[in-house]
2 protein chains.
Amino acid sequence: MHAVAARAGVSKSSVSRVINGEPTVAPAIREIVMAAVAELGYVPNGAARNLVTQRTNTIAIIVSDPPAGLVSDDPMFAMVVRAASRELERAGKQVSLVLAGSDESRLRVEQYLAAGHVDGAILVSMDGADPLPAVLSRTGLPIVSHGRLATPGLMPWVDNDNHAGATQAVQHLLDQGRRRIATISGPLDMTAAQERLAAYRDTLKDTGRRSIIALGDFTRISGADAMRQLLEDDPEVDAVFAANDLMAIGALRTLREAGRRVPDDVAVIGFDDIEAALYTAPALTTIRSPMTDQAVHTVQLLLTLLTTGTATPVTLPTELIIRESA
Amino acid sequence: MHAVAARAGVSKSSVSRVINGEPTVAPAIREIVMAAVAELGYVPNGAARNLVTQRTNTIAIIVSDPPAGLVSDDPMFAMVVRAASRELERAGKQVSLVLAGSDESRLRVEQYLAAGHVDGAILVSMDGADPLPAVLSRTGLPIVSHGRLATPGLMPWVDNDNHAGATQAVQHLLDQGRRRIATISGPLDMTAAQERLAAYRDTLKDTGRRSIIALGDFTRISGADAMRQLLEDDPEVDAVFAANDLMAIGALRTLREAGRRVPDDVAVIGFDDIEAALYTAPALTTIRSPMTDQAVHTVQLLLTLLTTGTATPVTLPTELIIRESA
DNA sequence: CTGAAAGCGCTTACAG
DNA sequence: CTGAAAGCGCTTACAG
């Protein structure tokens, strides 16, 4: 910067003003400074800027993923990170990706935010037992959650309407005349899994049917295992609502191995509408949750929070996608 | 920091020394400073540190993804980002995720690196036409590529042995006595696609068979389309080597729709061994590329480059995984 | 082993 | 509209 100022024959103040596009600078000076910047290939030092402005133009995307890597194996993870990155980029923000699974990494994340490395943060897929949201909300930084948190009031969030979506799914199975409708639930410390399971129960209860529940953890393998157990518990089961597509894919494999035809013997419906749902055999009927929209809304919620200091939760609608499996 | 020094009754120099764990500090002073830090909940400001040390402890993961999002829809993307993040975290580095697709974003990335925001960078899935590697290597920062670059000599890289892997795949089809072996290639501006195609050609040539090639872009849908074209071009085709699993999954769908049995009528083999390969019907025979290992090696290559100033390319072996489809 | 001082590279009132 | 000066919050020779 010193070199640029010398080259242009002006003060560093003027160089700074030109670079930051301040209107109060004479066109002649602007020209000569721009020329010097171009010639010298000058790029302002980020750390110095951050220090003096007390802002970093960086947003953290914090993914709470256990060591086993449950979350980040999910295509939802990639979609959310990608969509959020895009949207943040459009807003001129840099993205700092932070994986937080273990206890040490939680402390590390806390320190990272406290050190002022970012202007705000987006929390992705926190389970209800995770202490991170509470800890981070105490930093006073603007933070929003992608997905509703178990503890209310900590921060604004964006989520899809899990209850409505799951209701659509189960209702579709009922409409088909299915008699014994089971569900494969997600991990119950996650609000999405809780809400989808509650909707399943509520919808069945109205028809006098009993609930048939197996527990999964949102992975393919857990869906396959849960389906095996379901078949054992009730060989007459003729429909399954899996709380996400990955588990539905696992369930399809088990049904194939067990010689059950889908949808003839057993109807299967998932949740999320990931791309893979189009490529199963038979193609998966599912509930579309607007993931990309959700990520976009999450970013916008954060930007609102950053500028206005307040923001209210957002719930997005779901849609039933009928394919071959139910 | 000022407050901590005052509280502890020592100079800021001593506070700094304690925080940075320098050995040359009296135990008594260390104690009292630690206490003050704890009481005040002090966390050093990152920007100030970065400014004075000229280091950021941050590594950029730069993903070159066209606006359509080809790369980031691939489960490989998530695996690489996750494995690299983990490894970087273990080394005490922060991760800055940068998506670079368009021309403007390329400029933005260049400026970002030039501004000194990161100590080094990892480039992921660059296609051969991408000018980014050349541009970035001119910054003089330590940069490594995950995947061999089309332009040699720009920077060290880590890749799996694409030629050997593809040879294994085609050889397996030959061993089965397949007569008309086609391939679905990836986009030819990517070195991985080039190498896999070259191996396919080389291996077939030795047996006097002719090549039957359709072009895809590493997505499921392109695999489905390519398979359709292959069937049209040569209805007698009895085996297909898809250059990645996603395209193989697409091909399976087309074959099912066309009423061809796999592997009876047509054998299908993929490349990558993503988790989804275990859940196709029939389960996908494929070549395992050690993705996680590769990411780990990429990070270690960068760390080597950072500390020693030099590093040499790494090639990792592949493995044939036989399942049901071939 | 400790402290006073300089300085990292910017931005921003302030005076002109 | 422009420049000199102060200051952002740290680290690091340097002297003691």
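Reckoned from all heavy atoms, side chains included, excluding hydrogens, waters and symmetry mates.
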* Asked: How long is the line joining NE2 of B/His117 and P of C/dC10, in whole Å?
  -> 11 Å
* When the distance from CZ of A/Arg49 to P of C/dT11 is rounded to whole Å, what number comes out? -> 5 Å
* Of the candidate nucleotides D/dT12, C/dG9, D/dT2, which contains the atom at the shortest distance from the side chain of B/Glu22? -> D/dT12
* To do: Counting Watson-Crick and G-U wobble pairs only, both distances under 3.5 Å, name the nucleotide matched with D/dA13, or none.
  => none
* Where each residue is assigned the nucleotide of DNA chain D containing its nearest heavy atom, which of B/Arg17 and B/Tyr42 is assigned the position nearer the 5′ end? -> B/Tyr42
* If only atom types and distance count, is the side chain of B/Thr191 paired as donor or acceptor with the main-chain N or O of B/Arg148 below 3.5 Å? -> yes
* In whole angstrom, what separates B/Lys12's NZ from C/dG3's C1'? -> 11 Å
* To do: Choose from D/dC10, D/dT2, D/dC8 the nucleotide whose nearest atom is closest to any side-chain atom of B/Pro44.
  => D/dC10
* State which of C/dA5, D/dT11, C/dG9 makes the closest approach to the side chain of B/Asn20. => D/dT11
* Asked: B/Ser13 near the nucleic acid: base, sugar-phosphate alone, or nothing, with a heavy-atom cut-off under 4.0 Å?
  -> base
* To do: Give B/Ser16 one of three labels, base, sugar-phosphate or nothing, depending on what nucleic acid heavy atoms sit under 4.0 Å from its own.
  => base
* Of the listed nucleotides D/dG3, D/dC8, C/dC10, the one nearest the side chain of A/Leu51 -> D/dC8
